Every structure is written in C-alpha cells, then in structure tokens.
Amino acid sequence: MELTHLRRIERLNLVLAGVLCAASLVFWRRDVALGTALGAGLAVVNFWAIRRVTAHVLAGVSQRKQLLLMSLLVAKMTALIGLVYVIIRYAPVHVVA
C-alpha cells in the first residue's frame with residue numbers, strides 16, 4: 001500500500017466525520033451530537049496516527065525501529081480504548097452515537 005492511498009483514506013475519513021457531525025447537529029439531540037463529534041474526532045486522530053506510523057515503517061527503517069513502531073501502535077490502540085471508555089463513562093453523550 002502506498003502512502004498516497006493512506007492519505008486519501010485519511011482525507012475521506014475527515015470529510016465523512018465533518019459531514020456526520022454537521023448532520024448530527026441539525027437532526028439529533030445535543031447528547032447525540034456530542035457523542036458523534038467525540039467519536040469522529042477520535043477516528044480522525046486514530047487514522048492520522050496510523051498513517052504516521054505506517055509511513056515510517058514503509059520508509060524502510062531498521063528492524064529495531066520497526067519493533068519500536070509496532071509497540072507504538074499497541075500503545076496507540078491502548079490509549080484509544082482508554083479514551084473511548086472515559087468518554088462513555090464520564091461524558092454526557094449518547095453511547096451509540
């Protein structure tokens with residue numbers, strides 16, 4: 001997979017997140033709109049982080065650096081799961097949104 005494909009996916013994710021957030025502000029309650037905005041924001045940051053790490057891996061770094069980058073992906077995923085838990089537990093959001 002080329003880096004241009006990842007950039008295109010990231011850009012499409014950003015556009016879809018913006019459209020979904022705008023639609024939720026117009027058509028749904030405040031808790032649904034907040035949940036949609038927080039979820040879309042997490043998705044955008046997640047795709048950005050995946051692209052950054054993958055770009056370094058595709059650049060042909062050493063085996064040791066690749067292991068470090070893979071552990072960075074695991075840490076990113078752990079942080080993402082933690083943030084989703086905190087948002088669902090403490091933020092006044094609609095859980096499905």
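Keep in mind the model is a prediction, meaning the values are calculated, not measured.
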* If you group Ile, Leu, Val, Met, Phe, Trp and Tyr by side-chain heavy-atom gaps below 4.5 Å, do V45 and L42 land in one group? -> no
* Asked: Which heavy atom in L34 sits nearest to a heavy atom in P92, and how many Å separate them?
  -> CD2-O, 3.8 Å
* Between S24 and A33, which heavy-atom pair has the shortest distance, and what is it? -> OG-CA, 3.6 Å
* Is it true that V15 and L20 fall in one hydrophobic cluster, defined by side-chain heavy atoms closer than 4.5 Å? -> no
* Asked: Do I87 and Y90 sit in the same hydrophobic cluster, where Ile, Leu, Val, Met, Phe, Trp and Tyr count as joined when their side-chain heavy atoms come under 4.5 Å apart?
  -> no
* Go through the steps for L83 and L38 under the test side chain to side chain contact (heavy atoms under 4.5 Å, CB included), then give the verdict. => CA-CA 10 Å; L83 284 171; L38 289 174; over 6 Å; no
* Structure fact -> Excluding L12, membership of its hydrophobic cluster (Ile, Leu, Val, Met, Phe, Trp, Tyr; side-chain heavy atoms within less than 4.5 Å) reads L16
* Going hydrophobic residue to hydrophobic residue with side-chain gaps under 4.5 angstrom, can you get from L80 over to V86? -> no
Sequence neighbours excluded and cut-off under 3.5 Å, please list the side-chain donor-acceptor pairs for residues 71-78, or say none.
{"residue": "S71", "atom": "OG", "partner": "L67", "partner atom": "O", "Å": "3.4"}
{"residue": "S71", "atom": "OG", "partner": "L68", "partner atom": "O", "Å": "2.6"}
{"residue": "K76", "atom": "NZ", "partner": "N46", "partner atom": "OD1", "Å": "2.3"}
{"residue": "T78", "atom": "OG1", "partner": "V74", "partner atom": "O", "Å": "2.9"}

* Main-chain N/O of F47 paired with N13 side-chain donor or acceptor, under 3.5 Å -> no
* Hey, any chance V26 and W28 share a hydrophobic cluster, counting ILVMFWY side chains that come within less than 4.5 Å of each other, even indirectly? -> yes
